[in-house]
Amino acid sequence: GGTSTTSAGASALATGGSGAGTSSGGTASVAGTNAGGVATAGSGGAGVAGSAAGGGSNTPGAKPSAGCGKPAAQALETFVQAKVTAKGFDRTYFVRLPAGYDPARAYPTVFVAAACGGTGDKSISIQDASKPDAIVVGLNWSKEVSGRDCFNTESATSPDIDFFDAALAAVESSTCVDQNRIFFEGFSSGSWLTNLIGCARGDVLRGQGNASGGPPPLPTCKGPIATIMVHDT
């Protein structure tokens, strides 16, 4: 209990400030960028610095989505509800665009999944760390899908995988997403979902973050991806 581990060869991720990350199977130094930027480093590889706060240019290696160039269609710095249909179910999610949102800049995008009884706009507040440097998307569970107020993580083919796909496609088409820097994080039930999505969509995600929660039944995993896992106290 209370032990935090990383898998061999995992990448390190630093958000804001300065710091160093290491990974088993090779050391990878990672320096946080100024003004809340995002820096990543692969196992034993070099870091890639995020662009400075204020926007205006893309991070080297960015892959802009179809929504780049479109003006913001919602208020900034607040979670705005949206809906999508996935596998025959109407699903709800929330999108938060950062301060100074620049439609010409491809942003790292973080999907957040709440605990049982929680909602997508009130979960782990990654925006406190990413500040003006990321789009945040909060997912809602569906009682119709799972039979309770939690995500459906009992199946390797859970409809919540389709929900993620549909929400991602909608966000990529309406806002400027960096398709090379998509992340997923969750708490409790949302952490179980994080493990499911991190496995099933390891070819889409750059990394995942977990707070509690365990491994559900998993399909053949794609990836590997970076991960940080925190459990118990």
Side-chain angles (χ1 to χ4, degrees), residues 63-68 70 73-74 79-97 107-124 126 134-225 227:
K63 182 182 178 182
S65 70
C68 293
K70 298 179 181 179
Q74 66 175 68
F79 283 95
V80 177
Q81 183 175 300
K83 291 185 180 293
V84 71
T85 299
K87 218 166 187 178
F89 298 100
D90 293 330
R91 304 300 299 267
T92 299
Y93 64 98
F94 296 84
V95 178
R96 184 186 187 278
L97 299 181
Y107 286 83
T109 300
V110 185
F111 281 76
V112 185
C116 293
T119 56
D121 58 337
K122 295 180 178 67
S123 187
I124 302 174
I126 189 65
I135 296 169
V136 181
V137 183
L139 302 182
N140 269 21
W141 45 265
S142 167
K143 194 167 186 177
E144 185 182 10
V145 170
S146 63
R148 64 194 193 287
D149 60 351
C150 306
F151 289 103
N152 183 324
T153 54
E154 288 74 41
S155 168
T157 58
S158 167
D160 281 324
I161 299 175
D162 302 88
F163 174 33
F164 166 73
D165 291 342
L168 175 59
V171 173
E172 286 180 336
S173 68
S174 60
T175 64
C176 195
V177 171
D178 182 351
Q179 294 177 304
N180 283 337
R181 290 175 176 83
I182 298 170
F183 302 88
F184 202 107
E185 68 172 11
F187 170 62
S188 195
S189 175
S191 180
W192 287 78
L193 182 64
T194 299
N195 285 326
L196 179 58
I197 301 298
C199 169
R201 295 296 179 261
D203 55 344
V204 174
L205 299 180
R206 180 70 170 264
Q208 71 177 62
N210 296 72
S212 297
L218 298 174
T220 299
C221 291
K222 302 172 182 179
I225 62 173
T227 180

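Residues: numbered from 1 along the sequence shown. Keep in mind it's a predicted model, so treat the numbers as computed, not measured.
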> What heavy-atom pair brings Glu185 and Ile126 nearest, and what distance separates the two atoms?
Replying inline: OE2-CB, 3.4 Å
> Just how far is it from atom CG of Asn152 to atom CD1 of Ile161, taken to the nearest 0.5 Å?
Replying inline: 9.0 Å
> Nearest 0.5 Å, what's the CG-CZ distance between Leu168 and Phe111?
Replying inline: 4.5 Å
> Is any side-chain heavy atom of Phe94 less than 4.5 Å from a side-chain heavy atom of Asn140?
Replying inline: yes
> Between the main-chain N or O of Ala170 and the side-chain N or O of Ser173, is there a donor-acceptor pair closer than 3.5 Å?
Replying inline: yes
> Does Arg206 reach the side chain of Ile182, with side-chain heavy atoms less than 4.5 Å apart?
Replying inline: no
> Does a salt bridge link Asp165 with Arg201, judged by any charged N lying under 4.0 Å from a carboxylate O?
Replying inline: yes
>> Is it the case that the side chain of Ser65 and the backbone of Glu172 share a donor-acceptor pair, with hydrogens and angles ignored and the cut-off at 3.5 Å?
In response: yes
> Can you tell me how far NZ of Lys87 sits from OG of Ser158, rounded to the nearest 0.5 angstrom?
Replying inline: 7.5 Å
>> Donor-acceptor check, side chain of Thr109 to backbone of Tyr107, threshold 3.5 angstrom: yes or no?
In response: yes
> Would you call Arg91 and Asp160 a salt bridge, taking side-chain N to carboxylate O under 4.0 Å as the test?
Replying inline: yes
> Between Tyr93 and Phe163, is any pair of side-chain heavy atoms under 4.5 Å apart?
Replying inline: yes
>> Please find the pair of heavy atoms, one from Ala113 and one from Phe184, that lie closest to each other, and give the distance.
In response: CB-CE2, 3.9 Å
> Between Phe164 and Leu205, is any pair of side-chain heavy atoms under 4.5 Å apart?
Replying inline: yes
> Is a side-chain donor or acceptor of Asp203 paired with a backbone partner of Gly223 at a separation under 3.5 angstrom?
Replying inline: no
> Is there a side-chain contact between Leu97 and Ile135 (heavy atoms, below 4.5 Å)?
Replying inline: yes
>> Given Phe79, which partner from the list Val95, Val112, Val136 fulfils the side-chain contact (heavy atoms from CB on, under 4.5 Å) test?
In response: Val136
Quick one: side chains of residues 189-199, donor-acceptor pairs under 3.5 Å with protein atoms, not counting sequence neighbours, listed by atom name and distance.
unit_1 : atom_1 : unit_2 : atom_2 : d
Ser189 : OG     : Phe151 : N      : 3.1
Ser191 : OG     : Asn210 : ND2    : 3.0
Ser191 : OG     : Ser212 : O      : 2.1
Thr194 : OG1    : Gly186 : N      : 3.0
Thr194 : OG1    : Gly190 : O      : 2.8
Asn195 : OD1    : Gln208 : NE2    : 3.0
Asn195 : OD1    : Asn210 : ND2    : 3.1
Asn195 : ND2    : Gly214 : O      : 2.9

>> With rounding to the nearest 0.5 angstrom, report the CG to OG distance, Leu218 to Ser155.
In response: 10.5 Å
>> Apply side-chain contact (heavy atoms from CB on, under 4.5 Å) to residues Gln81 and Thr92 and explain how you reach the verdict.
In response: CA-CA 7 Å; Gln81 183 175 300; Thr92 299; 3.6 Å; yes
> Should we count NZ of Lys70 as having more than 12 external heavy atoms under 6.0 Å?
Replying inline: yes
